[in-house]
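Below is one structure, written out as structure tokens, with a few remarks after it.
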Number of protein chains: 2
Amino acid sequence: MGASLKDVAARAGVSVKTVSNVVNGYTYVTPHTREKVERALAELDYRPNLSARNLRRGRTGVIALALPELDAPYFAELSRFVIDAAAERGWTVLIDQTDGLAHREREVLQGIREQLIDGLIFSPLTIGREELAARTDNTPLVLLGERILDGPTHHVAIDNQRAAREVTEHLISLGHTRIGAIGAQENPSANTAHLRLAGYREALRAAGLPYDERLVPPTGSYHRADGAALMRRLLELDEPPQAVFCFNDLLALGALRTALSSGLRVPEDLALAGFDDIEDGRYSTPTLTTVSPDKGQIARTAVELLSAQLGSVKRAGRRAAGGSEPEHREAREVEADYRLIVRESTVRP
Amino acid sequence: MGASLKDVAARAGVSVKTVSNVVNGYTYVTPHTREKVERALAELDYRPNLSARNLRRGRTGVIALALPELDAPYFAELSRFVIDAAAERGWTVLIDQTDGLAHREREVLQGIREQLIDGLIFSPLTIGREELAARTDNTPLVLLGERILDGPTHHVAIDNQRAAREVTEHLISLGHTRIGAIGAQENPSANTAHLRLAGYREALRAAGLPYDERLVPPTGSYHRADGAALMRRLLELDEPPQAVFCFNDLLALGALRTALSSGLRVPEDLALAGFDDIEDGRYSTPTLTTVSPDKGQIARTAVELLSAQLGSVKRAGRRAAGGSEPEHREAREVEADYRLIVRESTVRP
DNA sequence: CAACGCTGTTTCAACGATGTAATCGTATCA
DNA sequence: TGATACGATTACATCGTTGAAACAGCGTTG
């Protein structure tokens, strides 16, 4: 397979290092030599051996993106943006699926792939503050979507609470007074769920509406099936809700399915709103009112934050003997943009 | 950062190689030594440096999965299965998005990541037989979904033509005589599209129905938007179809959206069928009749085929001097299972 | 008891690339 | 003309790991 620097050097009649210099754009090389080398490079179709280069340089050019499930559309869409943003910096992305399992998330944090990756973008589901603090691995890290406070960790997220509040206010503005929510979670580490719930309650309170627990059935996960099941429970109530805010679009699509097959008209009999703005929601019937986070911005920002950390990490080589104190750059919390998008599921055009 | 074998060896008071032996489960190590070493390993939290290991072994433990778009649900779902199957073998998956662009697909084939990956699973969209034959890189390769004949390439696919025929037969069996198809492609390399079209025509012919080109508008891509647009064109015909077979579920969901918002009832006024069985189609209203390829089987088979090739590739080391003839194991074509799943979009329950 | 064959461990070299320092050649200047 | 500076190239060590081979110790065997 691939030719090595040695092969190229032999062919060009120069030393290995000179070839290396040409490859790396070192300044002091005679045009004549450079040309010879470049011809040899081309003839042998030289490709640097990344393992070797990484071993020497202490960098791999690969970052990991750890997320719960690749087949949840939100994450699939986000991944695409992350991969694109990483590609712009010449990085390759490797994907780790945690399935939202605590032990898998812990493994990711502890750096299963430590030696293979330069950095980690992590969208946690169940991991909490303590686990994060207990992290010993010091691969640069950027968290997505979770606002885990007072940690020394960079993260990117939208203001979930405010967004949730706006959705709920929108439902209230339509005249609904009995508004349900699907997606509350009992796991105390499920930050996102808590924030969205808080936003929902805030809006109710501000409007002087009561908070009725029966309208907020908890769930463990956020798939269509959960949305469908929870909606069924809501419809069984003596006094079902007139509107429901689902904490993500998958839940909303599941709920929509239940509602429609129960003979309800949406939005006439029941208004439905989601969160995430996945593509499905733009083609469902009715189309889905939702919160649209700027996924491109989130991805780009995450990659930038990673890049910044990478810059300040000293080259591998021999680790500074004894120096074990973790670097304490302060964590940057970046707030990404979002928009409330009103569609047919809450307002007939 | 990470401790190296050297550090561990020093701590345990043995040679580096002995530590390596313990790490790699070499048999002949005294329980006593082993224990000492293991303690040191644990104390220093040793993790092998993969770059170094790979450099030495000529393997990286990473395979690439190249596909058009991660955010198309079919590919997202498939990716999850591939990642899982790879994980069982201790491999990590790196994802390459080609966007179905010919030049990106060519790059993938020529091995952009050559030095980073041990193997490639590739789901091409536009690449044809010639490009495949022109491939110089000899990283083990498995193709997905495309039946590119007489190439020396392993591949996994379902029998697209037969499946398409069955879908069409199903529509015919419902009594429809004017059946459209959405998803035909003009690009001669778009094998899958041609096979599905062939299956469709085969069914028509067998039933003695005429093939009407106007009912089969071509498209360049397979997104919801395309399905929606093409459906609009079909509905504008003097004599619109009574049933439409869409070559994938995204097209079908787009078409469904157009049909419903045009006031048609599905399936009463228009029957719709898709292909791929993505989760969206199980929660749409109506739910979607579709062909369900066994994605798990496809993924596992692809990984197995790759594994088999890897086994027979000689360790890196110095490439056999001069020996440049490509190995000619014959290509294995594996046919994966699928099922026709009839749902509400063709038959009211 | 010498030769042999095990087990257990070590030494050495090598994978391919690159940083450091040394070297060589030529032009410049006092 | 000899010292000096600098441009261009090279030798060497090194990153962390592992295969090959050597070696040491000890029990067997003819």
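Throughout, a chain's letter reflects where its sequence line sits, starting with A, and its residues are numbered from 1. We use all heavy atoms of the structure for the numbers below, so side chains are in, but hydrogens, waters and symmetry mates are not.
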Task: side chain to side chain contact (heavy atoms under 4.5 Å, CB included) assessment of B:L143 paired with B:V156 - done: CA-CA 6 Å; B:L143 287 185; B:V156 188; over 6 Å; no
Separation of [N] [atom2] from [X] [atom1] (nearest whole Å):
X: A:L44; N: C:dA17; atom1: CG; atom2: P; answer: 12 Å
X: B:Y46; N: D:dG16; atom1: OH; atom2: P; answer: 10 Å
X: A:L50; N: C:dA17; atom1: CG; atom2: C1'; answer: 11 Å
X: B:H32; N: C:dG8; atom1: NE2; atom2: C1'; answer: 13 Å
X: A:L55; N: D:dA13; atom1: CG; atom2: P; answer: 17 Å
X: B:K6; N: D:dT18; atom1: NZ; atom2: P; answer: 15 Å
X: B:R34; N: C:dT7; atom1: CZ; atom2: P; answer: 14 Å
X: B:K36; N: C:dG8; atom1: NZ; atom2: C1'; answer: 12 Å

Open item on the list: Can you tell whether the side chains of A:D99 and B:R80 come within less than 4.0 Å, N to carboxylate O?
Closed with: yes
Task: Step-by-step side-chain hydrogen bond (donor to acceptor under 3.5 Å, both in side chains) determination, A:N54 to A:T60 - done: CA-CA 5 Å; A:N54 297 338; A:T60 65; 5.1 Å; no
Task: Within residues 17-24 of chain B: residues closer than 4.0 Å to DNA chain D (heavy atoms) - done: B:K17, B:S20, B:N24
Open item on the list: Run the side chain to side chain contact (heavy atoms under 4.5 Å, CB included) test on B:L144 and B:I121 for me, step by step, so that the C-alpha distance in whole Å, both residues' side-chain angles and the decisive distance to 0.1 Å come before the verdict.
Closed with: CA-CA 7 Å; B:L144 291 189; B:I121 297 179; 3.6 Å; yes
Below the 4.0 Å mark, does [N] have OP1 or OP2 next to a side-chain nitrogen or oxygen of [X]?
X: A:S51; N: C:dA17; result: no
X: B:T30; N: C:dT9; result: yes
X: A:Y28; N: D:dA8; result: no
X: B:Y26; N: D:dT17; result: no
X: B:R53; N: D:dT18; result: yes

Open item on the list: Can you work out whether B:A52 or B:P31 has the more 5'-proximal nearest nucleotide on DNA chain C?
Closed with: B:P31
TODO: Using only heavy-atom distances, decide whether a donor-acceptor pair under 3.5 angstrom links the side-chain of B:R56 to the base of D:dT17.
DONE: no
Task: Side-chain donor/acceptor contact of B:R57 with base of D:dT17 under 3.5 Å - done: no
Is a side-chain donor or acceptor of [X] paired with a backbone partner of [Y] at a separation under 3.5 angstrom?
X: B:D96; Y: B:L65; value: no
X: B:E105; Y: B:I127; value: yes
X: A:N24; Y: A:N21; value: no

TODO: Report which part of the nucleic acid B:T27 touches: base, sugar-phosphate, or nothing (heavy-atom distance under 4.0 Å, all strands).
DONE: nothing
Open item on the list: Starting the side chain at C-beta, find the nucleotide from D:dT17, D:dA11, C:dT10 nearest to B:P48.
Closed with: D:dT17
Open item on the list: Counting C-beta onward and ignoring hydrogens, is there a side-chain heavy-atom pair between B:V23 and B:Y46 closer than 4.5 Å?
Closed with: yes
